[in-house]
Amino acid sequence: MAGKKLDSVKYTNMFKAYGAFWRRGFTEWAGTASRSEYWWNVLMNALIGLAALFVYFFFAVLGFAVDSEGVIIFGGIVVFVPLVIYYLAALVPWISLTVRRLHDAGLSSWFMVLYGAGLFCGFLSPLVVAAASPFSRGALGFAGFLDIISFCISIAFFVFSLLPTKVDGNPYHQFNRQ
């Protein structure tokens, strides 16, 4: 592997990777993303969600302490509305990063259709349960089947995100072409 230059950048700093997430997320779809770039952003987005959860717990504890449901509802609005807006804003860069991570592993971006199908199955499952009558075992079985499909696709994408950079024969690396 000596002498071959990779076009995916390995980030050693979470904040640099997060900056690249926003810089590259809306414009770069054809390149690659290293494992470090991908996983630093997974960690940063998880920390943002965890921080929002702690703020909400603060409002919940405060609401229980003063015996006021209004404080809890206010805390939910203060925390979750900006969090939803943030995650909606990060959706396009996240899809871009995932496509570039698939490219780095030598996989086609068409695997995102599979990922979308998994998300759709996971979203559809509670709707099937909610729409079913309480005595409908067929609908509950179908919802369980959708959950299993969603879980299996999530595991597959977890494995895809762990794959190392494919250097030889990867059509997505720009610097490997002679």
Side-chain angles (χ1 to χ4, degrees), residues 1-62 71-72 74-120 122-123 150-151 153-177:
M1 195 156 91
K4 290 190 178 185
K5 188 175 179 185
L6 300 177
D7 62 335
S8 60
V9 180
K10 293 184 179 168
Y11 289 93
T12 57
N13 182 328
M14 177 172 52
F15 300 106
K16 288 181 182 177
Y18 189 67
F21 172 76
W22 289 105
R23 251 187 341 274
R24 297 175 66 191
F26 293 102
T27 59
E28 292 185 32
W29 293 79
T32 59
S34 65
R35 285 185 286 188
S36 63
E37 181 178 358
Y38 181 82
W39 284 106
W40 279 127
N41 284 293
V42 167
L43 178 61
M44 182 60 116
N45 284 313
L47 289 175
I48 289 170
L50 191 62
L53 189 63
F54 280 134
V55 171
Y56 178 70
F57 281 147
F58 168 76
F59 279 106
V61 169
L62 183 65
V71 173
I72 298 171
F74 175 76
I77 292 170
V78 164
V79 171
F80 290 116
V81 169
L83 190 64
V84 166
I85 291 170
Y86 167 77
Y87 281 130
L88 285 175
L91 183 63
V92 171
W94 186 254
I95 292 171
S96 170
L97 178 65
T98 305
V99 164
R100 289 185 282 118
R101 179 67 205 119
L102 287 170
H103 286 172
D104 191 62
L107 301 170
S108 171
S109 58
W110 282 101
F111 277 101
M112 285 300 291
V113 174
L114 178 68
Y115 190 62
L119 290 176
F120 180 74
F123 176 75
S150 178
F151 178 74
I153 291 173
S154 297
I155 295 296
F157 262 80
F158 176 71
V159 170
F160 291 161
S161 67
L162 294 175
L163 291 175
T165 298
K166 183 177 179 187
V167 177
D168 296 325
N170 188 341
Y172 305 106
H173 280 292
Q174 300 298 321
F175 294 109
N176 291 336
R177 299 190 183 131

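Fair warning: this is a prediction, and the values are worked out from it, not measured in the lab. Along the sequence shown, the residues carry numbers beginning at 1.
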Trainee: For Tyr38 and Trp94, take the angle between the two ring planes, folded into 0 to 90°, and tell me which bin it lands in: parallel under 30, tilted 30 to 60, perpendicular over 60.
Mentor: tilted

Trainee: Does the side chain of Thr32 come within less than 4.5 Å of Thr165's, by heavy atoms?
Mentor: no

Trainee: Evaluate Asn13 against Trp40 for side-chain contact (heavy atoms from CB on, under 4.5 Å), listing each step before the verdict.
Mentor: CA-CA 8 Å; Asn13 182 328; Trp40 279 127; over 6 Å; no

Trainee: Which class fits the ring pair Tyr56 and Phe80: parallel under 30°, tilted 30 to 60°, perpendicular over 60°?
Mentor: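 Geometry flag for Phe80 against Tyr56: tilted rings.
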
Trainee: Out of curiosity, Thr98 OG1 to Met112 CE, how far, rounded to the nearest 0.5 Å?
Mentor: 5.0 Å

Trainee: Starting at OG of Ser96, measure out to CZ of Phe26 and round the result to the nearest 0.5 Å.
Mentor: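 Nearest 0.5 Å value for the OG-CZ distance: 9.0 Å.
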
Trainee: Between the side chains of Asn45 and Tyr18, is a donor N or O closer than 3.5 angstrom to an acceptor N or O?
Mentor: no

Trainee: Can you tell me how far CG of Leu43 sits from CD1 of Ile48, rounded to the nearest 0.5 angstrom?
Mentor: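 Rounded to the nearest 0.5 Å, the CD1-CG separation comes to 10.0 Å.
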
Trainee: Side chains of Trp110 and Leu102: closer than 4.5 Å at any heavy-atom pair?
Mentor: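 A side-chain contact under 4.5 Å is absent here.
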
Trainee: Can you confirm whether Phe15 is buried at CZ, in the sense that more than 12 heavy atoms of other residues, nucleotides or ligands lie under 6.0 Å from that atom?
Mentor: no

Trainee: Measure centre to centre between the rings of Phe160 and Phe157, then say whether the value is under 6.0 Å.
Mentor: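 Here the rings of Phe157 and Phe160 have centres that are less than 6.0 Å from each other.
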
Trainee: For Arg24 and Glu37, work out which heavy atoms get closest and say how close.
Mentor: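 For Arg24 and Glu37, the tightest heavy-atom pair comes out as NH1-OE1, 3.0 Å.
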
Trainee: Show the nearest heavy-atom pair for residues Ala17 and Asn41, with the distance to one decimal.
Mentor: O-ND2, 3.3 Å

Trainee: Using the side chain to side chain donor-acceptor pair (under 3.5 Å) criterion, which residues pair with Arg101? Sequence neighbours excluded.
Mentor: Asp104

Trainee: Does the Ser150 side chain pair with the main chain of Gly118, one donor and one acceptor, at a distance under 3.5 Å?
Mentor: yes

Trainee: Near Tyr87 OH, under 6.0 Å, is it more than 12 heavy atoms from other residues, nucleotides or ligands?
Mentor: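 Yes.
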
Trainee: If you count every heavy atom of other residues, nucleotides or ligands that lies below 6.0 Å from Phe58 atom CZ, does the total exceed 12?
Mentor: no

Trainee: Which distance, rounded to the nearest 0.5 Å, do you find between the OG of Ser161 and the CG of Leu97?
Mentor: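 Ser161 atom OG to Leu97 atom CG measures 10.0 Å (nearest 0.5 Å).
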
Trainee: Grab the two heavy atoms, one from Val99 and one from Ser109, that are nearest each other, plus how far apart they are.
Mentor: CG1-CB, 3.6 Å

Trainee: Nearest heavy-atom pair of Phe21 and Ala90: which atoms, and what distance?
Mentor: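 Nearest heavy atoms, Phe21 then Ala90: CZ-O, 3.8 Å.
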
